[in-house]
Number of protein chains: 2
Amino acid sequence: MRLKKAERQQLLKEKIEESPFIKDEELAKLFNVSVQTIRLDRLELAIPELRERIKTVATDKWKEMVKSLPVEEVIGEIIDLELDKRAISILNIQKEHVFSRNKIARGHHLFAQANSLAVAVIDDDLALTKKAEIKFMRQVKLGEQVVAKAKVIDRIEDGTTVIQVDSFVKNEKVFSGMFHMYRSSKTKEKDE
Amino acid sequence: MRLKKAERQQLLKEKIEESPFIKDEELAKLFNVSVQTIRLDRLELAIPELRERIKTVATDKWKEMVKSLPVEEVIGEIIDLELDKRAISILNIQKEHVFSRNKIARGHHLFAQANSLAVAVIDDDLALTKKAEIKFMRQVKLGEQVVAKAKVIDRIEDGTTVIQVDSFVKNEKVFSGMFHMYRSSKTKEKDE
DNA sequence: GGGCTATTAAGACTAGGTCATAAAAGTAAT
DNA sequence: ATTACTTTTATGACCTAGTCTTAATAGCCC
């Protein structure tokens with residue numbers, strides 16, 4: 001026997017999810033049924049036709065590309081900012097942030113959020129990190145929301161600004177860093 | 001007059017590049033010519049039809065998705081690794097790594113390379129960063145190649161490993177960091 | 001007007017479907 | 001086995017966004 005309807009539909013769904021660029025005809029061969037049966041199945045499962053599936057993948061990609069550059073500039077979403085004083089940002093830990101093995105956030109993402117916040121709080125065209133001392137107090141897991149709080153501690157005349165950033169998951173401190181930032185200062189230089 | 005042929009074709013090319021999900025019919029309206037003219041233009045410019053354009057965008061995205069997860073696991077390419085001793089990785093600074101304003105690499109990418117290397121050098125299921133002291137000695141610019149070298153300095157009995165990572169652009173040190181890594185050690189604990 | 005390019009139109013065909021209708025095959029219970 | 005039902009297959013008309021071929025018009029320069 002070929003396969004029960006329900007079984008076939010389950011596999012069909014998985015197959016299309018896994019490789020959406022497959023024609024009804026190929027699916028028909030795969031499950032050894034007629035093309036019409038595949039179409040009935042898709043109808044019942046509300047799976048759109050090939051062209052629509054391709055379009056979805058493509059427009060997803062397009063959305064990504066359109067937003068990717070501006071979003072990349074700041075890691076995490078800044079929800080409060082008082083230039084040269086303090087700033088707060090939020091980062092939701094998603095699957096792209098964690099080790100696939102154990103679902104723990106990779107350190108550099110917490111660092112990136114904090115460092116990026118330290119850059120943002122400085123009211124200057126050119127803000128670069130010179131030095132940092134950081135501590136990871138506890139692991140952050142998939143799904144958790146990290147709130148980073150930056151505070152300007154000191155401004156030294158050589159153009160260095162010291163910023164402390166503490167990150168929390170629900171009032172529990174998970175990360176702490178002291179950032180020494182360089183700024184081009186009053187002289188607004190051209191940067192090629 | 002409507003527009004010279006050459007002019008229209010130039011604009012057509014740009015328009016399709018900018019928003020590839022546009023039909024010949026819409027283009028015809030846009031340039032106030034017939035659909036056939038648009039098709040002639042596409043033929044001359046060797047621009048594929050809408051469906052082909054969508055497919056290209058979609059398969060690009062697909063390739064990206066297929067490779068994205070495994071690649072994300074290590075930042076930079078590891079070219080040498082002696083577990084628990086030392087490791088070397090290379091990261092080519094591309095446009096996604098730099099500030100759009102001044103083409104200087106964002107600090108967290110250098111950190112990510114170094115941290116990721118520190119994780120890799122530890123021969124353990126679970127390696128996490130506890131603490132780090134880092135220095136950015138000079139800016140790294142778009143197009144430069146960063147070579148990170150990690151060296152295990154010390155192993156403390158509480159499960160901490162101290163690793164020094166120095167990163168270079170052509171023998172010039174651009175980054176230096178001392179990483180205190182936690183490892184689950186002999187006891188292979190369940191992590192979830 | 002001729003001669004040229006550029007544009008438009010018309011018709012036949014394509015892939016990968018949709019939608020509606022109907023026939024055939026398989027399965028189960030009486 | 002007959003009825004009743006589900007499942008599968010087939011058929012044909014239609015759709016979109018094109019292709020490719022052939023042919024008829026415009027527009028312009030001299």
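Lettering of chains follows the sequences in order, A, B, ..., and the numbering in each one begins at 1. Atom set for the values below is all heavy atoms of this structure, side chains included, hydrogens, waters and symmetry mates excluded.
Here the C1' atom of nucleotide D:dT7 and the CZ atom of A:Phe31 are 16 Å apart, to the nearest Å. One atom, CD1 of B:Ile54, and another, C1' of D:dA17, lie 10 Å apart when rounded to the nearest Å. Protein atom CG of B:Asn32 is 12 Å distant from nucleotide atom P of C:dT7, rounded to whole Å. Atom pair B:Lys55:NZ and C:dG17:P shows a separation of 10 Å (rounding to whole Å applied).
For B:Gln94, there are no side chain to side chain donor-acceptor pair (under 3.5 Å) partners two or more places apart in sequence or in a different chain. Take B:Glu25 and apply the side chain to side chain donor-acceptor pair (under 3.5 Å) test, not counting sequence neighbours, and it matches no residue.
A salt bridge does not link A:Lys23 with A:Glu26: none of the charged nitrogens is closer than 4.0 Å to a carboxylate oxygen. With respect to the salt-bridge test (charged N to carboxylate O, under 4.0 angstrom), the residues B:Arg138 and B:Glu144 qualify. One finds no salt bridge joining B:Lys149 and B:Asp166 here, because no Lys/Arg side-chain nitrogen approaches an Asp/Glu carboxylate oxygen to under 4.0 Å.
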Side-chain donor-acceptor distances from residues 130-137 of chain B under 3.5 Å, at least two apart:
| unit_1 | atom_1 | unit_2 | atom_2 | d |
| --- | --- | --- | --- | --- |
| B:Lys130 | NZ | B:Thr160 | OG1 | 3.0 |

List the steps and the verdict of side-chain contact (heavy atoms from CB on, under 4.5 Å) for A:Asp84 and A:Val121. CA-CA 6 Å; A:Asp84 272 323; A:Val121 79; over 6 Å; no
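Cluster partners of B:Ile156 are B:Ile153, B:Val162, B:Met178, counting Ile, Leu, Val, Met, Phe, Trp and Tyr whose side-chain heavy atoms approach within less than 4.5 Å, directly or via other members.
Contacts between residues 35-51 of chain A and DNA chain C, defined by a heavy-atom separation below 4.0 Å, involve A:Arg39, A:Arg42, A:Glu49, A:Leu50, A:Arg51, listed by number. A heavy-atom distance below 4.0 Å to DNA chain C is reached by these residues of residues 7-27 of chain A, ordered by number: A:Lys23, A:Asp24.
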